[in-house]
Amino acid sequence: MKRAISPSAAAALIPDGATIMIGGFMAVGSPHRLIDALVAADKRDLTIIANDTGLPGIGIGKLIAAGCVSRVIASHIGLNPQTQKAMIAGEIAVELVPQGTLAERIRAAGYGLGGVLTKTGLGTLAAEGQKIIEIDGEPWLYAPPLFADFALVAAERADYNGNLSYQLTATNFNPVMAMAGRIVICEPREILPIGAVPPDSVNTPGVLVDHLIERAV
Amino acid sequence: MKRAISPSAAAALIPDGATIMIGGFMAVGSPHRLIDALVAADKRDLTIIANDTGLPGIGIGKLIAAGCVSRVIASHIGLNPQTQKAMIAGEIAVELVPQGTLAERIRAAGYGLGGVLTKTGLGTLAAEGQKIIEIDGEPWLYAPPLFADFALVAAERADYNGNLSYQLTATNFNPVMAMAGRIVICEPREILPIGAVPPDSVNTPGVLVDHLIERAV
Amino acid sequence: MKPDEIIQRRVARELHPGTLVNLGIGLPTGVSQFISPHDGILFQSENGIVGMGARPPEGMEYAQLTDAGGSFVTAVPGAATVDSATSFGLIRGGHLDATVLGGLEVDEQGRLANWMVPGKMVPGMGGAMDLVTGARRVIVAMQHTARGRPKIVPHCTLPLTSTRRVTLIVTDMAVIEPTLDGLVLRERAPGVTVAEILEATTARMTVPEDVPEMDIRAAAG
Amino acid sequence: MKPDEIIQRRVARELHPGTLVNLGIGLPTGVSQFISPHDGILFQSENGIVGMGARPPEGMEYAQLTDAGGSFVTAVPGAATVDSATSFGLIRGGHLDATVLGGLEVDEQGRLANWMVPGKMVPGMGGAMDLVTGARRVIVAMQHTARGRPKIVPHCTLPLTSTRRVTLIVTDMAVIEPTLDGLVLRERAPGVTVAEILEATTARMTVPEDVPEMDIRAAAG
């Protein structure tokens with residue numbers, strides 16, 4: 001059983017310099033109150049692993065705008081000119097990864113796999129400096145697992161075991177990140193008593209979740 | 001939209017010598033009416049990819065007993081002495097694969113990956129003749145994707161788009177197989193009108209399913 | 001008819017009933033308006049929906065149902081939502097019949113560049129590399145030229161999205177098929193001559209004897 | 001007390017409240033009866049359930065809720081069901097705190113053989129290799145000897161399940177910890193002497209000055 005904690009108590013667990021996965025896709029399905037708490041706690045030097053950096057001042061964009069972030073691993077930063085500007089100014093290091101490869105690299109970390117073998121990116125800039133592995137004479141691009149100190153995920157519903165269910169396109173990267181983060185913190189929209197969620201409605205088993213964020217008042 | 005067909009019509013699609021993935025775990029969550037139809041059609045020389053071969057005369061065990069199978073790729077045949085006997089007699093070739101690796105190899109085929117890098121089996125008989133890939137000086141066992149001509153899966157519920165939902169421990173290998181089979185045939189317990197299943201209740205998107213088996217009378 | 005509409009109408013005719021299709025943001029998104037709902041074509045958005053529907057009416061948006069650009073969408077009857085890993089499993093595992101994408105350049109080998117202009121635009125590849133590498137068919141939908149500059153070129157000068165040869169190029173002037181033997185001019189846009197197309201193209205291109213006019217009627221329902 | 005019960009009671013004390021544990025078929029399964037439900041320990045069955053409960057009463061079985069041996073089970077409040085890929089992701093990704101497995105042999109390097117007897121029993125490894133390789137802690141729960149023949153041996157003669165050193169060996173005679181420097185005798189079963197343990201063991205083993213008796217009381221709830 002897990003007691004729910006406040007966003008600021010959760011933020012206090014996360015040190016400057018941490019590597020953090022954050023769920024969401026263009027700020028849809030991101031843990032917004034946790035992000036606010038990280039900004040309020042004035043975190044520094046974070047590495048963010050996420051699909052994108054949201055929009056200026058929205059979702060992960062808030063962390064970018066507040067100067068909390070020194071490194072980003074993402075598939076897309078196009079809708080946040082602040083990230084692009086900070087990258088060009090050398091303030092934020094950005095590693096761009098094809099979106100499908102990003103999802104599989106995160107999954108590989110959570111599932112104990114040695115990495116990902118993919119055709120995506122072969123012969124392009126995404127393969128530069130990367131390892132090519134030949135299998136039966138065919139080249140595959142190798143991409144290593146992506147680990148993180150913390151995974152901050154958002155869910156539609158949790159129970160106090162930490163079992164999570166997601167909704168519609170707010171699902172996106174949250175399930176793979178909940179498998180991959182060393183410490184997993186979830187911000188659900190609501191928390192139900194244990195036993196109120198049927199086993200087949202659970203998308204992420206509660207054993208993966210270390211902390212739940214209490215419901216917004 | 002997909003019209004549901006009879007088990008025998010589905011069996012008629014499958015030629016002798018085909019490679020077939022069959023969902024289920026100790027016959028729980030297997031497509032039983034499809035298996036019966038394959039036996040009734042007296043199929044020969046099938047390669048079966050499945051977690052196990054069921055029990056004697058139960059689930060995939062029916063195909064073994066009827067002499068339909070010449071090759072098995074599975075994690076476990078211990079509860080079906082007929083399979084073990086046929087293996088020792090040289091009538092059925094059996095490739096044993098660790099269960100987690102089996103699931104990932106099937107998934108890799110369905111997800112377009114070049115294979116699986118795992119620690120499971122390293123230094124054991126399961127690694128004999130297999131490729132070892134070193135990443136940063138660390139050895140990983142490489143296991144190739146597992147493809148199949150057909151995947152025969154069982155589901156609790158389908159809609160006429162082919163969207164599938166599974167139930168409890170009858171889920172097991174069915175979702176990864178539904179991604180991996182070139183032709184996917186599903187035997188659901190019931191088929192609902194399109195629109196009656198909410199998007200979040202779908203475990204396997206209908207685009208993956210080629211044929212639905214009509215409801216039992 | 002606007003150039004974009006010509007392209008969208010022609011691309012719509014390439015989509016097969018009952019299949020899964022991914023439309024890129026921008027011009028490709030507009031292809032959906034020329035598809036009959038009776039065709040049973042399902043649109044995927046890579047953020048995790050199979051069976052994406054049109055933008056909802058004002059006031060009926062829902063924050064947790066969006067497309068890959070973050071815009072509000074609806075779900076058609078029989079839609080399914082999936083996580084990002086499965087969404088890209090559909091794309092990379094060959095389960096997507098077609099992707100329709102915009103382009104910055106396509107070259108004589110049929111290779112597409114559409115994700116980056118070094119020093120100018122570095123948005124990230126998002127799902128573009130996965131789509132071009134993994135979809136069964138890749139249809140490039142773009143203007144034939146950009147401010148008068150040809151976009152179908154001998155060799156891409158911009159970073160490639162994939163080394164894979166795309167299936168078809170549909171522009172406001174022509175339909176061009178990249179083959180093992182190079183580009184082949186298949187169709188002309190209404191009122192456009194072969195000479196005009198060649199004038200606006202720097203890539204070498206085979207021109208068959210007969211280059212019919214594009215059919216841009218709505219696809220049969 | 002029966003030998004199996006000694007083993008099961010002692011293993012039960014190794015399990016940490018609030019964690020995920022996988023119990024192998026047979027003797028290990030019986031460990032669950034000595035766990036307090038208040039500990040919040042969740043049992044996983046690798047066929048796809050987190051939070052497996054006891055066998056249901058006669059007549060209340062359900063065909064689609066079974067354990068990895070195909071036996072009927074129940075689900076505890078707060079259980080979750082997953083597919084095989086995710087179930088093994090939990091195992092292989094280090095999310096399982098402990099697995100308790102039977103053994104045929106364990107050797108001085110702490111390596112377990114438990115899946116095959118060449119020429120005799122070739123059932124397949126099922127999930128055993130994944131469990132021994134991936135669980136955070138591997139507890140071997142077995143009789144100390146098989147028909148008088150020692151099972152804790154200098155070097156496994158049977159095919160290994162994994163080259164990984166197991167965490168703890170619990171038998172009806174002793175608790176033994178495999179370390180980098182070899183096996184260490186940690187505890188004696190009630191009424192069993194160190195000399196008897198050494199007599200029944202062919203593997204070399206370090207014997208500390210103090211080898212206390214096992215605690216086989218029920219774990220605190």
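Protein chains get the first letters and strands the later ones, always in sequence-line order, with residue 1 at the start of each.
For the options A:Ala170, A:Pro98, A:Ala103, heavy-atom pairs under 4.5 Å to chain C are most numerous at A:Pro98. When A:Gly78, A:Ala27, A:Gly100, A:Gly29 are compared by the number of non-hydrogen pairs under 4.5 Å with chain C, A:Gly100 comes out ahead. Contact tally against chain A (heavy-atom pairs below 4.5 Å) for C:Asn47, C:Leu65, C:Thr161: the top residue is C:Asn47. Among A:Thr124, A:Asn174, A:Val176, A:Thr83, the residue making the largest number of heavy-atom pairs under 4.5 Å with chain C is A:Thr124. Ranked by heavy-atom pairs under 4.5 Å with chain A, the first of C:Ala113, C:Gly124, C:Pro159, C:Gly126 is C:Gly126.
Once rounded to the nearest 0.5 Å, the distance linking CZ of A:Phe25 with OG1 of C:Thr66 reads 8.0 Å. A distance of 6.0 Å separates CD of A:Glu104 from CZ of C:Arg92, quoted to the nearest 0.5 Å. Taken from OG in C:Ser84 to CZ in A:Arg107, the straight-line distance is 13.0 Å, to the nearest 0.5 Å. In this structure, the separation between CE on C:Met125 and CG on A:Leu102 is 10.0 Å, given to the nearest 0.5 Å. The line from NZ of C:Lys120 to CD1 of A:Ile88 is 12.5 Å long, rounded to the nearest 0.5 Å. We find the CG-OG1 distance between C:Asp67 and A:Thr169 to be 8.5 Å, quoted to the nearest 0.5 Å.
Heavy-atom neighbours of A:Glu134 CD from other residues, nucleotides or ligands within 6.0 Å: above the threshold of 12. Enclosure of atom CZ in A:Arg215 is not indicated, since only 12 or fewer non-hydrogen atoms of other residues, nucleotides or ligands lie within 6.0 angstrom. In A:Arg71, the CZ atom is not crowded: 12 or fewer heavy atoms of neighbouring residues, nucleotides or ligands sit closer than 6.0 Å.
Defined by atom type and a distance below 3.5 Å, a donor-acceptor pair is present between the side-chain atoms of C:Asp130 and A:Thr120.
Proximity to chain C (any heavy atom under 4.5 Å) is restricted, for A:Pro175, to the side chain, taken from C-beta onward. Residue A:Leu79 touches chain C through its side chain alone, counting heavy-atom pairs closer than 4.5 Å. For chain C, the nearby part of A:Arg189 is the side chain; its heavy atoms alone come within less than 4.5 Å. Using a 4.5 Å cut-off between heavy atoms, A:Val97 contacts chain C through its backbone alone, with no side-chain atom that close. Heavy atoms of A:Thr101 lying under 4.5 Å from chain C belong to its backbone as well as its side chain. For a residue to count as touching a neighbouring chain, one of its non-hydrogen atoms must lie under 4.5 Å from one of that chain's; by this rule C:Ala68 touches chain A with backbone and side chain alike. Proximity to chain A (any heavy atom under 4.5 Å) is shown, for C:Ala85, by both the backbone and the side chain.
Looking at heavy atoms from C-beta onward, C:Met129 lies out of side-chain contact with A:Lys119 at the 4.5 angstrom threshold. Looking at A:Leu125 and C:Trp115, their side chains come closer than 4.5 Å, going by heavy atoms from C-beta outward. By the 4.5 Å heavy-atom criterion applied to side chains, A:Leu96 and C:Val122 are counted as neighbours. Within the 4.5 Å cutoff, the side chain of C:Phe88 has heavy atoms near those of the A:Gln99 side chain.
Using a distance-only test at 3.5 Å, with no hydrogens or angles considered, no donor-acceptor pair links the side chain of C:Thr163 to the main chain of A:Gly123.
Closest approach of C:Pro123 and A:Gln84 over heavy atoms only: N-OE1, 4.2 Å.
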